Trainee: 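Quick one: structure below, then a few questions.
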Amino acid sequence: MKRIIFLVVFVASISFGIAQTPTDYLPKKFHKERREALRKKMPQNSVAVVFANPIRNRANDVDYVFHQDPNFYYLTGFREPNAVLLLFSNDQTDENGTVYNEMIYVPKRDPKAEMWNGKRLGVAGVKRDLGFTKAATSEDFSNTPIDFTKFDQVFIEQFKDDYRNSERKKGEVYDLVKSFKEKSNYNTTNFLSTPKKRIYELITASPVENAANVAQVIGRAVTVYPSLKEDKIVQGYQNASNDKARKEFQEKASLELNSKSNINIEFLSANLAEMREVKTPEELKLLTKAIRISAVGQIEVMKAMKPHMSETEIQGIHEFVYKKYGAEYEGYPSIVGAGNNGCILHYIENNKTKVGHDLVLMDLGAEYRGYTADVTRTIPANGKFNPEQKAVYEVVLKAQNAGIDACKVGNAFWQPGQEAKRVINEGLVELGIIKNVNEQHSYFPHGTSHHIGLDVHDPGTYGAFKENMVITVEPGIYIPEGSPCDKKWWGIAVRIEDDILITNGAPKNLSEEAPRTVKAIEAMMAKKSVLDDFLLPNLDE
Ligand code: GLY
Ligand code: MN
Ligand code: MN
């Protein structure tokens, strides 16, 4: 009997195509609500055009693993490349009289392509699984009857320009963008790039008496965006010898700003940043899971770490834990740096062959159903902090605690960083690494906090803290070889990074499972690991 039941279930699961894939992605209702929320912010007679990511090539006929554009994913839940979403502020009527206010173009089903590259949802699939009522194939986008020139505003994001011109395939992102440009004012209007527009706005809005301050801002912007150096208005304003000449360039900037393009590349990124910086309960559930997975990874590595291990092997243990929990990816390239390598902030080679007795800085985050953690622990490879390592560690820990305490609703976004910096400067003076708290130094060269979510550096408006934001607090001290201090500190790098939920009460540390104090780390490292007995043959003899 048991066998018959098994057979029936087996046959049924084949014939109904029950795919044994994860079921805890964000529900379609979430994405629909996000689209509604964005539509509410859109002015009358406007359309948002959001492109999916393309596939990027790695080498020859091997591509990188595909990852969806986070804004596109947030609005659609669609996890395939080469698609475009249209969201209208007002109802539209198609040639059959059907009324709609959103539409998606997705790759068509293709049995041959699916045999090589896996299943596609197709038009019927996005209607069934993602809740779109109007959908067509990406190939159809070049024939879309929608005239983008007739809207008062067309919202797009800055094109990424990092995909191939794949003449061979209609419906790929290159082709979608090309069609959009042909059907809109993109190529025909004097459409301003974001930095240029910002500087023109600054020039127009600032009274000429403030020219000296404006000049400083422009000077900084030019170093980041060299194209501004060639801009006649920006340079004319900068080089103007008197207020009368400056006013002339103000007028020119104002004319440029007001010459009508209906294309706007700021609205989407600004409004989606505002939406994405506060997490919904569905998002918090997935983000918390990603963070807890990453904390467990740190715990397992603390138990398994041995001086003979390589940075690569340590990275592998973290990532194995992620996969064991079903996390699809790492949210960013893993950083495992022993000793001086920890001083390289985005060290991703992870190729030191023996971590020895160094401190090992490990900054890794699992990505679970799109949401990424960002957790750093720094631990002594041999299980015990030496006095110098401990002294530096305690300063960073104290700075982090001060930063976390500042994570309260209403506080300014920069407050945790300010608190952490103060504690670090005081600590560096106490240790004799700098002489006074105002001394310029580069032992803590980075910011302390950023949002996390679908991106590891999630977009946000960086205003005051609101309930249900999730941010990192990640102070560090980095003392590379050759630093102007006693040699005993050289090669010590410590970063401690936790993911903090802003609540209406006390801040909640979502990564607290991973030990943070010297005592708790040493106690965890003294524990046995299942990997102690995981021995592989030596292949080098
Ligand atoms: N892992 C990158 C960061 O901490 O911001
Ligand atoms: Mn971070
Ligand atoms: Mn990090």
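Positions are given from 1, in the same order as the sequence printed here. If you're wondering where the values come from, they're calculated on a predicted model, not measured in any experiment. Just follow the structure's listing: the first ligand is 1, and inside any ligand the first atom is 1.
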Trainee: Give a yes or no on whether the ring-centroid distance for Y478 and F444 is below 6.0 angstrom.
Mentor: no
Trainee: Would you please name every residue forming a side chain to side chain contact (heavy atoms under 4.5 Å, CB included) with V395, sequence neighbours left out?
Mentor: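 Testing V395 for side chain to side chain contact (heavy atoms under 4.5 Å, CB included), a comparison that skips the adjacent residues, returns I424, L431, I477.
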Trainee: Please list, in number order, the atoms of ligand 1 under 4.0 Å from a heavy atom of E497.
Mentor: 4 (O)
Trainee: Does any N or O in the side chain of N57 come within less than 3.5 Å of the main-chain N or O of N60, such that one atom is a donor and the other an acceptor?
Mentor: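 Judged by distance alone, yes, a pair lies under 3.5 Å.
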Trainee: Could you confirm whether H450 has any N/O/S atom lying under 2.8 Å from the Mn ion (ligand 2)?
Mentor: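 Yes, within the cut-off.
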Trainee: How about H451 and Y462: are their ring centroids closer than 6.0 Å?
Mentor: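 Centroid separation for H451 and Y462: below 6.0 Å.
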Trainee: Identify which protein N/O/S atoms are less than 2.8 Å from the Mn ion (ligand 3).
Mentor: D363 OD1, D363 OD2, D374 OD1, E497 OE1
Trainee: Identify the closest protein heavy atom to atom 3 (C) of ligand 1: which residue and atom is it, and at what distance?
Mentor: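 Result: D374 OD2, 3.3 Å.
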Trainee: Report yes or no: is the cationic atom of R56 (NZ for Lys, CZ for Arg) closer than 6.0 Å to the six-membered ring centre of Y64, at no more than 45° off its axis?
Mentor: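 Relative to the ring axis of Y64, which defines the angle, R56 lies outside at least one limit.
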Trainee: Are R35 and F30 in a cation-pi contact, defined as NZ or CZ under 6.0 Å from the six-membered ring centre and within 45° of the axis?
Mentor: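 No, cation not above the ring by the 6.0 Å, 45° rule.
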Trainee: Does A52 offer a backbone N or O that forms a donor-acceptor pair with the side chain of D69 under 3.5 Å?
Mentor: no
Trainee: Looking at Y332, which atoms of ligand 1 are within less than 4.0 Å of one of its heavy atoms?
Mentor: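 This gives 1 (N) as the contact atoms.
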Trainee: Among T378, N350, I379, find the residue that satisfies the side-chain contact (heavy atoms from CB on, under 4.5 Å) test when tested with M362.
Mentor: I379
Trainee: For D363, is the nearest heavy atom under 4.0 Å from an atom of ligand 1?
Mentor: yes
Trainee: Going by atom types only, do E277 and T461 share a side-chain donor-acceptor pair under 3.5 Å?
Mentor: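 Yes.
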Trainee: Would you please determine whether H457 falls within less than 4.0 Å of ligand 1 on a heavy-atom basis?
Mentor: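 H457 counts as a contact of ligand 1 under the 4.0 Å cut-off.
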